[in-house]
Protein chains: 2
Amino acid sequence: MTTSTTSSTRRTRDVRTRGRAADVVERILQATAEQLSEVGFAALRVDDIAARSGVNKTTIYRRWPTRASLVDAAIRRSKPPAGVARGSTLKEEALAIARDWLAFHESPMGRGIVRVIQTEVGHPELEPIVRELRADGRRGRIAMVQRAIDRGELPPDTDAALIADMIFSPLTTRLVFNVERVDEQMIARTVDIVVAGLKAV
Amino acid sequence: MTTSTTSSTRRTRDVRTRGRAADVVERILQATAEQLSEVGFAALRVDDIAARSGVNKTTIYRRWPTRASLVDAAIRRSKPPAGVARGSTLKEEALAIARDWLAFHESPMGRGIVRVIQTEVGHPELEPIVRELRADGRRGRIAMVQRAIDRGELPPDTDAALIADMIFSPLTTRLVFNVERVDEQMIARTVDIVVAGLKAV
DNA sequence: AACTTAAGGCAACAGCCAGTTGCGGGCTAG
DNA sequence: CTAGCCCGCAACTGGCTGTTGCCTTAAGTT
């Protein structure tokens, strides 16, 4: 969506978006993502981002008035995979989504976003983006389950939200809290159990 | 010999643990828990705790050298329910644990702890207590699944950790991220699906 | 009751970091 | 080649953590 910049009260507002300016923005957001993935939001220092990107702190503040808005911008620059699944069975679709997430989690921005999702409370300024990230992911996963229901793969009275959570929250919990390793096989087993269970109950 | 007390940096430390001292400690930890549940760790200010407990900031720092150690102490004062389950079936045990958690989550300390569990990254000083909280909970839940396996309620080759996560991570995710309401019925359905699925697969 | 001394109150301070300001100079666009 | 946008620089405000020295209060002892 080209120019985002939620706050309009800046100065004369980003007329030059090419050349040096574009390069500076790029470097700042990249450095933000990297720092975010390495130290998280709480310990994120603007001076460090300035140093890392080779840009003056003032320049950063001129474009993004607060630390939170900077992080917001950096995240929106490369949001996680939309969770648009493809496949002919629930299992295939779930695996595809999980694969996307695992791959995304390898990138600096991926790790950074995971840390942000984990943050929030006590940082109300960050809440909008966090809420959006969570909602996006959940929406896609619930839609996935709904397709399986429509397809007749799952009983018609299935609680799509619950099933979506049952399939993915073990994954996200392990990813976010960094406990035990996560792989495709784990997802596959999870899906198998849930699907079999739904048919049996 | 015996009591060394090299009276180095700090003073001679907590000899009087009754009377006024005990009252002060009590008030500080209580205020910490309350503030924690209201604003979370990131926004927790020592001055506020001092004001709320009617104690001078210096007094707080004399007992707990950092904000994190204070929070650590407040949490240890009333940790979450141990997850010691009781019941004759997996479902009964799971429901008992879930009930304890939901009840605990109503108290100031309960909410405070949930916020802390959610925090961590970027606050390395807080990591020990967070790790401990998570480990405690998980250990209890895995043991619960293991009992069900031993009892023959679940197949012997069941992955206890995975099943524990499948049953409880939808609950904790919803509790921590505050999305959708959580009730016993939800847990019951989750357990039913997982158990049925394990038998069928 | 008198005394000893641990523990709390007070106030000023150092250090870190977010966010601000005024000015000056280089780079881009036209 | 000129106008003015954009960035660099440096100094500053203000909030919060954690510290220090000194004084006051009260707990426990005789």
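In what follows, chains are A, B, ... by sequence order, proteins preceding strands, each numbered from 1.
- If you take CZ of A:R63 and P of D:dG8, they are 11 Å apart, rounded to a whole angstrom.
- Taken over five-pair windows at either terminus, the axes of the helix from C:dA1-D:dT30 to C:dG30-D:dC1 are inclined to one another by 30° (rounded to 10 degrees).
- Backbone-only contact: A:D47 has heavy atoms under 4.0 Å from sugar-phosphate atoms and none from a base.
- Out of C:dG8, C:dA18, D:dT17, the shortest distance to the side chain of A:R45 is found at C:dA18.
- Among the protein residues, A:L70 comes within range of no part of the nucleic acid, since none of its heavy atoms lies under 4.0 Å from any strand.
- Listed by chain and residue number, B:T89, B:L90, B:A148, B:R151 satisfy the side-chain contact (heavy atoms from CB on, under 4.5 Å) test with B:E153 (two or more places apart in sequence, or in another chain).
- Here A:L44 lies in heavy-atom contact (under 4.0 Å) with sugar-phosphate atoms only.
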Polar atom pairs (N or O), protein with nucleotides 11-14 of chain C, under 3.5 Å:
{"from": "C:dA11", "atom 1": "N6", "to": "B:T58", "atom 2": "OG1", "distance (Å)": "3.2"}

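- Under the rule for a side-chain contact (heavy atoms from CB on, under 4.5 Å), the partners of B:S78 that lie at least two apart in sequence or sit in another chain are B:M109.
- Across the interface with DNA chain C, nearest-nucleotide mapping of B:V55 and A:A68 shows B:V55 to be the residue nearer the 5′ end.
- Under the side chain to side chain donor-acceptor pair (under 3.5 Å) criterion, A:D157 pairs with no residue, sequence neighbours left out.
- Applying the side chain to side chain donor-acceptor pair (under 3.5 Å) criterion to B:K57, with sequence neighbours excluded, gives no partner residue.
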